[in-house]
Amino acid sequence: CRFRSAPAPEPAAPAAVAEVTRPAATAEPASGGAFVVQIMALRAEETARSAWEALQAKHGTILGGHALDIERADLGAKGIFYRVRAAGFDTKAAAQSACANLKAAGQDCIVKAR
């Protein structure tokens, strides 16, 4: 007589994989404020937006709570530039602190009043 082995138990369903997400932001990035930190000026607005994304990735601990502020600057014969600026600094001291941290990380910047 042949023995039939019991059917193999079905493998357990894989444990649910937690979806990897970034922590929910508690608020929108600060876009107001009396001061901005100007980081660079580029010839195209699209390039300025891409540069901001790269800056956020590289210097997120410094720029993370701040919004992009692009200022169009017509410099006459030199052409039009788009200034990449971090907004949301209520005081000059706060903007200067962020700029000092960026400089320490190798990124040039200046503080400007709005």
Side-chain angles (χ1 to χ4, degrees):
C1 154
R2 287 191 177 169
F3 292 107
R4 286 184 113 172
S5 60
E10 290 187 29
V17 177
E19 188 175 321
V20 178
T21 58
R22 292 183 182 179
T26 56
E28 288 293 313
S31 59
F35 294 89
V36 295
V37 174
Q38 183 173 311
I39 303 167
M40 62 182 64
L42 301 166
R43 294 264 184 191
E45 185 173 0
E46 183 177 308
T47 306
R49 290 184 188 286
S50 296
W52 175 254
E53 290 175 16
L55 288 164
Q56 285 280 48
K58 186 174 182 179
H59 303 293
T61 57
I62 302 167
L63 300 173
H66 299 281
L68 170 62
D69 179 277
I70 294 180
E71 179 183 58
R72 184 179 185 275
D74 186 344
L75 303 181
K78 291 184 181 180
I80 295 172
F81 287 84
Y82 295 87
R83 295 175 177 154
V84 177
R85 308 175 334 161
F89 296 96
D90 291 328
T91 66
K92 187 174 186 177
Q96 288 172 326
S97 175
C99 189
N101 289 335
L102 286 169
K103 286 181 178 181
Q107 177 62 56
D108 197 21
C109 57
I110 59 173
V111 173
K112 296 184 84 177
R114 283 203 166 194

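Across all their heavy atoms, His59 and Ala105 have their closest contact at CE1-CB, 3.6 Å. Across Trp52 and Ala86, no two heavy atoms sit closer than the pair CH2-CB, 3.7 Å. Scanning all heavy atoms of the two residues, the minimum distance from Gly64 to Gln56 falls at N-OE1, 3.7 Å.
Interatomic distance, CG of Leu55 versus CG of Leu68, reported as 9.5 Å (0.5 Å rounding).
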message = Please evaluate residues Ile39 and Leu63 with respect to the criterion side chain to side chain contact (heavy atoms under 4.5 Å, CB included), reporting the C-alpha separation (whole Å), side-chain torsions for both, the decisive distance (0.1 Å), and the verdict.
response = CA-CA 11 Å; Ile39 303 167; Leu63 300 173; 4.0 Å; yes
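Listed by chain and number, the residues in a side-chain contact (heavy atoms from CB on, under 4.5 Å) with Thr47 are Leu42, Ala44 (sequence neighbours excluded). Residues meeting the side-chain contact (heavy atoms from CB on, under 4.5 Å) test with Ala73, sequence neighbours left out: Leu75, Arg83.
At a threshold of 4.5 Å between side-chain heavy atoms, the hydrophobic network of Ile, Leu, Val, Met, Phe, Trp and Tyr places Val37 and Phe81 in two separate groups.
Residue pairs satisfying the salt bridge (Lys or Arg N to Asp or Glu O under 4.0 Å) criterion with at least one member in residues 45-64, sequence neighbours excluded, are listed as follows: Glu45-Arg49. Sorted by first and then second residue, the side-chain hydrogen bond (donor to acceptor under 3.5 Å, both in side chains) pairs with a member in residues 72-82 form an empty list; sequence neighbours excluded.
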Donor-acceptor contacts, no H, no angles, side chain residues 87-96, under 3.5 Å, sequence neighbours left out:
residue : atom : partner : partner atom : Å
Thr91   : OG1  : Ala94   : N            : 3.1

Sequence neighbours excluded and cut-off under 3.5 Å, please list the side-chain donor-acceptor pairs for residues 107-114, or say none.
residue : atom : partner : partner atom : Å
Arg114  : NH1  : Ser31   : O            : 3.4
Arg114  : NH2  : Ser31   : O            : 3.1
Arg114  : NH2  : Asp69   : OD2          : 3.1

